[in-house]
Amino acid sequence: MASEHSDPSEKEHRDQENVKQKYGMDRHKDKDKRKEEKIWSYDSKLKKEKENGFARLPPVKSELDNDGFYLSPKHEKSLRRERGKDEWEEERYTDGSKWRFLEHKGPVFAPPYEPLPSNIKFYYDGKPFKLSKKAEEVATFFAKMLDHEYTTKDIFRKNFLKDWRKEMTSEEKVKLSDLNKCNFNEMSEYFKAQSEARKQMSKDEKLKIKEENERLLQEYGFCLMDNHKERIANFRIEPPGLFRGRGDHPKMGMLKRRIRPEDIIINCSKDSKHPKPPPGDKWKEVRHDNKVTWLVSWTENIQGSIKYIMLNPSSRIKGEKDWQKYETARRLKKCVGRIRAQYREDWKSKEMRIRQRSVALYFIDKLALRAGNEKEEGETADTVGCCSLRVEHICLSPEKDGQEFVVEFDFLGKDSIRYYNKVPVEKRVFKNLQLFMENKQPEDDLFDRLNVSP
DNA sequence: TTGTAGACTTGAACATAATTCG
DNA sequence: CGAATTATGTTCAAGTCTACAA
């Protein structure tokens, strides 16, 4: 949460609260339970690996047991049983490294664009217009979304046209300037017919496709991390298309460009067989960073953020992390009482900063709100979390519906999902809120003395 | 200390498979 | 049996948090 200095009890207090809020304990009880079960299935996974007899790598010293044998899944399992669970709950590597050996086949790229059959036409201003291949591809993205509400939104259309024009030949640029004069209907109908045809395919054809997918999965869907064959979560590169932001996103409709091998950074261990780029292409980089868990990354062109290919939740690396999370939650359970007492105390603090923090903490605890980091204005939809709440998002009533000191929340949270709630709060909280709102405009931050970082 | 890029989790929306029902 | 419903899997934008540089 917030604060500049670090008295240890306060730090602990914050940490614990972060955990509670981070893992939304109140919010997702059932799901959490299911997830815990998933973790326990790790052992059965090891068993399966054993049965299938996956290839093992040459041993590294520390992967051998005292007698110089492989630390195979079976060994590992029995060792773990011997030493007790605690051993597993410990980080496997203490130096921050995540693995020692990593080998994989690299990503699967999106299939290349297939031009439309010549009888499917695009019309501009009522007349057929033959598009260049590049422009046509982008046009099909739009055509595929024609039924979607998105395509009626002004920002979407504006962004689309701007990016589409970038893909046009200079000739097309001159002629095609008004999206309202563009008619994508024939394309749209064609795609609908295609997907219909796919549904009507015979059993045989469907099976063929399934088998092909299975083959790809077998070839690219697994990697070898240390001694284990692990399932990769997303081994396919995101195909090009139009960006669909959620809520009122200022960048909706922009073109998500096609990712090429030269955009791709490969991460694997030096002593592994490096994945090969497609013939005639090069990777952007091949690195060997065992401080991270990803296998492949690239930079996406809409927000400039980095996308990753990582492992499945069933993998050791994800499972352990998940486990840690629950451990933290368990630790938190032991001290929530103390934390609650502390923030109630802080409601009376003479320091504004601490008061604001304590009230925010109370909301997070009581209502399971998200922390609410700062975000870049204008780059994303306007949404907030607890610490980024603005005066306009809450409404105070000393009395409402027979209850005293009611706070009415109304704001857009993550994914622009509306949060609306009326809660009676304690008098002291109410008074504090009144204080925070004094002399402020609706668009001012409610917790202006708060910063989210530790 | 502050600002920022990078890493990683989350979950809504969509897609597909499995199951139930008339 | 196919249609309808439900369960399960995949995709990917949108969060959170951390490490590190200035």
Side-chain angles (χ1 to χ4, degrees), chain A residues 1 3-6 14-15 17-24 27-28 31-32 34-35 38 96 98 108 110 144-145 147-150 195 198-201 206-207 209-210 213 216-217 221 231-252 254 256 259 265 267 287 289-315 317-322 324-326 328 364 369-376 379-388 412-418 451-454:
Chain A
M1 289 277 75
S3 158
E4 290 80 45
H5 68 96
S6 261
R14 262 181 280 130
D15 285 353
E17 198 41 53
N18 274 341
V19 168
K20 159 103 187 184
Q21 163 274 313
K22 176 171 174 185
Y23 304 126
R27 230 182 324 205
H28 308 299
K31 259 193 192 163
D32 283 356
R34 248 180 289 142
K35 272 200 183 163
K38 258 192 200 164
K98 308 288 171 65
V108 172
K144 281 178 185 162
M145 297 179 76
D147 284 341
H148 214 288
E149 199 208 334
Y150 274 116
S195 73
R198 221 169 305 130
K199 268 186 220 153
Q200 301 301 318
M201 267 186 317
K206 275 186 182 166
L207 196 69
I209 292 174
K210 218 176 154 184
N213 279 333
L216 273 177
L217 175 69
R231 177 85 189 266
I232 298 169
N234 55 321
F235 56 91
R236 281 166 214 272
I237 299 276
E238 293 176 17
L242 302 183
F243 176 78
R244 313 150 80 114
R246 311 217 249 258
D248 260 335
H249 198 116
K251 296 190 171 180
M252 62 165 74
M254 283 173 65
K256 232 172 84 168
I259 305 300
I265 301 174
N267 193 31
R287 64 170 78 155
D289 181 358
N290 73 347
K291 299 273 189 280
V292 297
T293 66
W294 53 266
L295 321 184
V296 173
S297 77
W298 71 92
T299 302
E300 154 265 357
N301 67 306
I302 306 286
Q303 324 258 12
S305 62
I306 308 167
K307 299 267 184 160
Y308 304 94
I309 289 183
M310 290 185 189
L311 299 189
N312 211 50
S314 69
S315 60
I317 210 118
K318 297 285 179 192
E320 273 176 9
K321 191 102 193 282
D322 213 34
Q324 270 178 24
K325 180 177 81 176
Y326 290 99
T328 324
I364 289 172
L369 302 185
R370 266 173 249 278
N373 286 324
E374 264 142 46
K375 358 194 261 172
E376 246 176 286
E379 291 291 294
T380 54
D382 177 26
T383 61
V384 297
C386 183
C387 300
S388 46
L412 295 181
K414 185 178 176 187
D415 297 326
S416 296
I417 289 165
R418 185 178 179 207
N451 66 324
V452 192
S453 52

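Hydrogens, waters and symmetry mates play no part in the numbers below; they use all other heavy atoms, side chains included.
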Original post:
Closest to the A:Lys325 side chain: C:dT10, B:dG6, B:dT10?
Top reply: B:dT10
**OP:** Using whole Å, report how far CD of A:Gln324 lies from P of C:dC17.
**Re:** 15 Å
Original post:
Atom CG of A:Leu217 to atom C1' of C:dG9: distance rounded to whole Å?
Top reply: 12 Å
**OP:** Measure from the side-chain heavy atoms of A:Lys210 and tell me the nearest of B:dA17, C:dC17, B:dC8.
**Re:** B:dA17
Original post:
When you look at A:Val292 and A:Lys98, which way does the side chain to side chain contact (heavy atoms under 4.5 Å, CB included) test go after all the steps?
Top reply: CA-CA 6 Å; A:Val292 297; A:Lys98 308 288 171 65; 5.7 Å; no
Subject >> Distance in angstrom units between A:Glu374 CD and C:dT16 P, rounded >> reply: 11 Å
Subject >> Touch class at under 4.0 angstrom, heavy-atom based, for A:Thr383 against every strand present >> reply: sugar-phosphate
Subject >> Length of the line joining A:Trp294:CH2 and B:dT9:C1', which is rounded to integer Å >> reply: 18 Å
Original post:
In whole Å, what is the span from the NZ atom of A:Lys321 to the P atom of B:dA7?
Top reply: 13 Å
**OP:** Check whether more than 12 heavy atoms from other residues, nucleotides or ligands sit under 6.0 Å from atom CG of A:Asp248, and answer yes or no.
**Re:** no
Original post:
At under 4.0 Å between heavy atoms, what does A:Ile302 touch on the DNA or RNA strands: base, sugar-phosphate, or nothing?
Top reply: nothing
Original post:
Between the main-chain N or O of A:Gly385 and the side-chain N or O of A:Asn373, is there a donor-acceptor pair closer than 3.5 Å?
Top reply: no
Original post:
Start at the 5' end of DNA chain B and walk down; is the nucleotide closest to A:Tyr150 or to A:Lys291 reached first?
Top reply: A:Lys291
Original post:
So does A:Arg370 get a side-chain nitrogen or oxygen closer than 4.0 Å to the phosphate oxygens (OP1/OP2) of C:dC17?
Top reply: no
Using a cut-off of under 3.5 Å, enumerate the N/O to N/O pairs linking the protein to nucleotides 11-13 of chain C.
residue	atom	partner	partner atom	Å
C:dA13	OP1	A:Lys256	NZ	3.2
C:dA13	OP2	A:Lys307	NZ	2.5
C:dA13	N3	A:Arg246	NH2	3.2

Original post:
Tell me: OH of A:Tyr308 to P of B:dA7, nearest whole Å?
Top reply: 4 Å
**OP:** Please determine, for the side chain of A:Lys375, which listed nucleotide (C:dG15, C:dC17, B:dT9) has the closest atom?
**Re:** C:dG15
Subject >> side-chain N/O A:Asn373 vs C:dT16 OP1/OP2, d < 4.0 Å >> reply: yes
Original post:
Do any N or O atoms from the side chain of A:Lys375 and from the backbone of A:Ala381 form a donor-acceptor pair under 3.5 angstrom?
Top reply: yes
Subject >> Donor-acceptor pair, side chain of A:Asp415 and main chain of A:Gly247, under 3.5 angstrom >> reply: no
Original post:
Taking atom P of B:dC8 as reference, at what distance in whole Å does atom CD1 of A:Ile306 sit?
Top reply: 11 Å
Subject >> Value in whole Å for how far the C1' atom of B:dC8 lies from CG of A:Leu311 >> reply: 12 Å
Subject >> Donor-acceptor contact present, side-chain A:Lys251 to main-chain A:Ile302, <3.5 Å >> reply: yes
**OP:** Classify the ring geometry between A:His249 and A:Phe243 as parallel (under 30°), tilted (30 to 60°) or perpendicular (over 60°).
**Re:** perpendicular
Original post:
Side-chain N or O of A:Thr293 less than 4.0 angstrom from OP1 or OP2 on B:dC8?
Top reply: yes
